[in-house]
There are 2 protein chains.
Amino acid sequence: MARAQFDKEQVLESAANAFWRLGYNATSMQTVFEKTGLKPGSIFLAFGNKEGLFKEALGHNTEQSLIKLESTLTQYETVEEAIRHILVSFIEESCQSNYCSCFLVKSQLELSDHQVELQDYVSERLRKIESLYFKHLLKTNSESEAQAKASSVMLHIFGVRVYGYHSQSKNQLMDALRLGLPWLAWPSVH
Amino acid sequence: MARAQFDKEQVLESAANAFWRLGYNATSMQTVFEKTGLKPGSIFLAFGNKEGLFKEALGHNTEQSLIKLESTLTQYETVEEAIRHILVSFIEESCQSNYCSCFLVKSQLELSDHQVELQDYVSERLRKIESLYFKHLLKTNSESEAQAKASSVMLHIFGVRVYGYHSQSKNQLMDALRLGLPWLAWPSVH
DNA sequence: AATCAACTTGAATGTTCATTCAATATTTGT
DNA sequence: ACAAATATTGAATGAACATTCAAGTTGATT
């Protein structure tokens, strides 16, 4: 019995990259064949169909994001400082010329009622992210405070992911985050 | 010379509805023909191509939104009260079973580098909305305060448009808005 | 009632789409 | 070395796609 000869992880990353950049509907399997160098048969044998490939690509991508997030949330003195750094890095991402929002957020908005399974899959991953913030905020907050703050952080992240498309938005975004998330103890500007 | 026999406004509304619900790429012209009852030739003569139809549909939709927004922002005692009502109505929208975020936000995230003209068109409309909030906030705020508050409101609106997909999110959203927009003077819950 | 530009019609076009499958190649167990 | 199991290949398939256009219809103007 012959084993897979292509690196599944590498294929998932190429596919995720295409789906992220172009969106689910605008990414043709043809594009995937080109980006991965694989032939139709191989892809369809390994992933079933386009939805299956998308689901695995998104899952793989999100898993990595969650690992990175967990690591970031513990590597600073306080959770607040960590969250500040995360938000600032999102703003900086949005200043790059090839800015493309966030794979999960884009997918959440693009998928329609015809793909309920994928929609639920995306929602579940976004909820996982929020519960990670919640878990860490619980260390220094009551349950209800932590929940409200976690939701507020998610709201601001979503906001940045959309607002980021406006060019020249860096300063406006920073001011808005300072105003909306005062409990993050932003260093004063002098 | 025979005049157009279909109601252009009605066609644009049907088209906008489809584009909004399904997204630009997942909406086929076939769908548009069915929803409007028109034949290919009529649509293509009137709007040039799919992009042209999309642009006009989005433009028409946004124009109506701007009119409604302007009206809402002036019909309450204070701007703050008006914004509160707008945000609450967005949350209530998100509780409906057929919730579908916001046409502009969805379009902003779906369109890719291959449709720069449409992208810019969407960005411009979103900026118009922000400047409307800014204009009204200027009445009771300094320029820099008004700008930060307008950006913060946009951030929260974008957030609600994404967060709204989570079921059972109404209370979490309300708490997060109270936390992130304290200057809106929310009535206390008792 | 004749004219003619503007509009509508809908079958036809050529392209691109996701997916299939018979043939071929490769790896592993015996 | 052979057999069995599994991967890869890539041309082929049929459906769906955006768009075109020649022929027909409409209604205001002459």
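Lettering of chains follows the sequences in order, A, B, ..., and the numbering in each one begins at 1.
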(message) Between C1' on dT8(C) and NZ on Lys8(B), what's the gap in Å once rounded to a whole number?
(response) 16 Å
(message) Can you see whether Tyr24(B) has Lys50(B) sitting over its ring - NZ or CZ less than 6.0 Å from the centre and within 45° of the normal?
(response) yes
(message) Taking Lys149(A) first and then Glu80(A), would you say they form a salt bridge - that is, a charged N and a carboxylate O separated by under 4.0 Å?
(response) no
(request) Starting at atom CZ of Phe6(A), determine the distance to atom C1' of dT9(D), rounded to an integer number of angstrom. (result) 13 Å
(message) Using whole Å, what does the distance between atom P of nucleotide dG24(D) and atom CG of Leu45(B) come to?
(response) 19 Å
(message) Looking at Lys35(B), I'd like to know if its NZ atom is crowded, meaning that more than 12 non-hydrogen atoms belonging to other residues, nucleotides or ligands lie closer than 6.0 Å.
(response) yes
(message) With side-chain hydrogen bond (donor to acceptor under 3.5 Å, both in side chains) as the rule and sequence neighbours excluded, what pairs involving residues 158-171 of chain A come up?
(response) Glu93(A)-Arg161(A), Tyr163(A)-Gln172(A), Tyr163(A)-Glu130(B), Tyr163(A)-Ser151(B)
(request) Mind listing the closest non-hydrogen atom pair of Leu137(A) and Ala150(A) along with its distance? (result) CD1-N, 3.6 Å
(request) Taking atom CD of Glu117(A) as the centre, report whether more than 12 heavy atoms of other residues, nucleotides or ligands fall under 6.0 Å from it. (result) no
(message) Expressed as a whole number of angstroms, how long is the span from Leu53(B):CG to dT19(D):C1'?
(response) 13 Å
(message) Tell me whether Glu51(B) at atom CD has more than 12 heavy atoms from other residues, nucleotides or ligands lying less than 6.0 Å away.
(response) yes
(message) Any residue in residues 115-122 of chain A with a heavy atom nearer than 4.0 angstrom to DNA chain D? Just list them by number, or reply none.
(response) none
(message) One character per nucleotide, please: for nucleotides 9-19 of chain C, 5' to 3', B when the base has a protein heavy atom closer than 4.0 Å, S when only the sugar-phosphate does, - otherwise.
(response) BBB-----SSB
(request) Give a yes-or-no answer on whether the side chains of Thr62(A) and Ser65(A) include a donor-acceptor pair shorter than 3.5 Å. (result) no
